[in-house]
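Heads up: the structure comes next, in structure tokens.
Nothing here was measured: the structure is a model prediction, and the numbers come from that model. All values below were derived from every heavy atom in this structure, side-chain atoms included, with hydrogens, water molecules and symmetry-related copies excluded.
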Amino acid sequence: LNGCINDQTDLEAFFKKKVQVSGSLYQAMRIGKIFSSLVLSHTHTHSMSECEDINKEHFSFVTSFANTMRGMIGYGDESRDDRIIFILPPHPLMGGDMLNNVVQSLFSSLARAGFVTVTCDYALVFDEKLWQSRERMRDYTDVTDEVREFIEGARKHINSDAHILCIGYSFGAFIAH
């Protein structure tokens with residue numbers, strides 16, 4: 001995002017139909033407002049490497065399908081663990097892993113805003129043949145099931161009573177929905 005977003009109009013055009021927020025309308029509006037202001041100030045004043053003032057924890061989660069999903073938790077010194085935002089990446093065949101630049105911008109910006117954020121790699125993210133097969137069949141049931149398990153497992157690890165909000169970028173929006 002660095003350098004391509006100059007104002008609110010650019011931000012809205014960039015994310016139009018690429019990002020879907022699910023959860024309460026209040027939370028979605030609040031996240032949108034926070035993200036807009038953070039991204040706009042971030043793109044004008046900092047590079048990503050200058051802004052890494054958040055804590056990151058990497059972890060793995062084994063699903064009931066016996067697949068391993070890698071995840072990352074981010075939080076600032078003032079973050080509260082009673083609300084967790086999960087950020088789901090785009091399709092693995094389209095650069096979809098937890099290190100995607102849009103996912104990382106959301107992840108870092110929201111952690112700096114006081115949210116505990118979590119992102120992940122889909123199980124078997126680098127198995128191109130598997131993902132091509134899923135794409136041909138348009139059946140992502142196992143993906144959504146594993147993501148649900150991952151979210152619940154991460155939630156139990158962080159705070160089992162926390163409120164959850166899922167944000168998905170591109171394909172991730174489909175899975176979050």
Side-chain angles (χ1 to χ4, degrees), residues 1-2 4-5 14-15 18-23 31-32 34-35 38-39 42-43 46-76 79 81 83-132 134-135 140-159 162 164-177:
L1 292 177
N2 203 11
C4 69
I5 309 270
F14 181 80
F15 283 108
K18 290 185 181 179
V19 175
Q20 177 176 336
V21 178
S22 63
I31 297 301
I34 290 169
F35 181 65
L38 287 172
V39 168
H42 174 74
T43 57
H46 305 289
S47 70
M48 286 299 284
S49 61
E50 294 171 330
C51 292
E52 290 307 319
D53 55 350
I54 62 170
N55 302 299
K56 293 181 181 179
E57 297 178 19
H58 294 267
F59 67 99
S60 294
F61 178 79
V62 179
T63 70
S64 64
F65 294 87
N67 293 323
T68 300
M69 292 181 69
R70 295 180 318 135
M72 184 169 42
I73 301 170
Y75 53 93
S79 295
D81 72 352
R83 51 199 174 161
I84 305 169
I85 299 177
F86 287 86
I87 304 164
L88 302 178
H91 198 290
L93 295 177
M94 304 299 246
D97 61 30
M98 67 180 163
L99 300 178
N100 174 278
N101 62 330
V102 174
V103 170
Q104 283 300 300
S105 281
L106 285 165
F107 179 88
S108 297
S109 296
L110 291 169
R112 274 187 216 93
F115 294 94
V116 173
T117 57
V118 180
T119 188
C120 65
D121 284 338
Y122 299 113
L124 306 169
V125 68
F126 299 111
D127 186 340
E128 192 171 323
K129 288 183 182 181
L130 172 69
W131 284 94
Q132 287 172 345
R134 286 176 172 158
E135 187 63 23
Y140 303 104
T141 306
D142 55 337
V143 178
T144 56
D145 290 346
E146 287 185 319
V147 167
R148 280 189 194 109
E149 287 181 30
F150 173 84
I151 289 171
E152 197 52 42
R155 180 184 191 190
K156 285 178 184 173
H157 174 73
I158 298 166
N159 177 354
I164 302 270
L165 180 72
C166 288
I167 299 173
Y169 172 54
S170 189
F171 174 78
F174 171 75
I175 299 299
H177 188 26

### Query
Hey, does the side chain of Ser79 reach the backbone of Gly76 with a donor-acceptor pair shorter than 3.5 angstrom?
yes

### For Ile158 against Asp81, the heavy-atom pair lying closest together
O-OD2, 3.7 Å

## Note on the structure
What one should report as the nearest heavy-atom pair of Val116 and Tyr75 is CG2-CB, 4.3 Å

### Message
One pair to check against side chain to side chain contact (heavy atoms under 4.5 Å, CB included): Lys56 and Phe107. What are the steps and the verdict?
### Response
CA-CA 10 Å; Lys56 293 181 181 179; Phe107 179 88; 3.9 Å; yes

### Task
Measure across Thr119 and Phe150 and return the closest heavy-atom pair with its distance rounded to 0.1 Å.
O-CZ, 3.9 Å

### Query
Does a side-chain heavy-atom distance below 4.5 Å link Phe65 with Glu146?
yes

### Message
Quick check for you: to the nearest 0.5 Å, what is the distance between Asp121 atom CG and Thr68 atom OG1?
### Response
11.5 Å

### Task
Give a yes or no answer on whether the side chain of Asn67 reaches the backbone of Ala123 with a donor-acceptor pair at less than 3.5 Å.
no

### Query
Between atom CD1 of Ile167 and atom CD1 of Ile85, what is the distance when rounded to the nearest 0.5 Å?
5.0 Å

### Task
Please check if any side-chain donor atom of Glu135 sits under 3.5 Å from a side-chain acceptor atom of Tyr140, or the reverse.
yes

### Nearest-0.5 Å distance, OG1 of residue Thr144 to CD of residue Glu149
10.0 Å

### Query
Does the distance from a Lys or Arg side-chain N to an Asp or Glu carboxylate O, for Arg70 and Asp97, drop under 4.0 Å?
no

### Query
If you take all heavy atoms of Asn159 and Ile84, which pair is closest and at what distance?
O-CD1, 4.4 Å

### Under 3.5 Å donor-acceptor, Tyr122 side chain and Pro89 backbone
yes

### Query
How many angstroms lie between CD1 in Ile175 and SG in Cys166, if you round to the nearest 0.5 Å?
11.0 Å

#### Entry: Atom of Pro90, atom of Phe171 and distance for their closest heavy-atom approach
C-CB, 3.8 Å

#### Entry: Minimum-distance pair of heavy atoms, taken over all atoms of Trp131 and Val125
NE1-CA, 3.7 Å

### Task
Just do the side chain to side chain contact (heavy atoms under 4.5 Å, CB included) check on Val118 and Phe59 with the steps written out, would you?
CA-CA 10 Å; Val118 180; Phe59 67 99; 4.2 Å; yes

### Task
Check whether any side-chain N or O of Glu57 sits under 3.5 Å from a backbone N or O of Met72 as a donor-acceptor pair, and report yes or no.
no

### Leu124 side, atom CG; Leu130 side, atom CG - distance, nearest 0.5 Å
5.5 Å

### Summary
d(Phe115 CZ, Ile87 CD1) to nearest 0.5 Å is 10.5 Å

### Query
Do side-chain atoms of Arg112 reach the backbone of Ser108 as a donor and acceptor pair under 3.5 angstrom?
yes

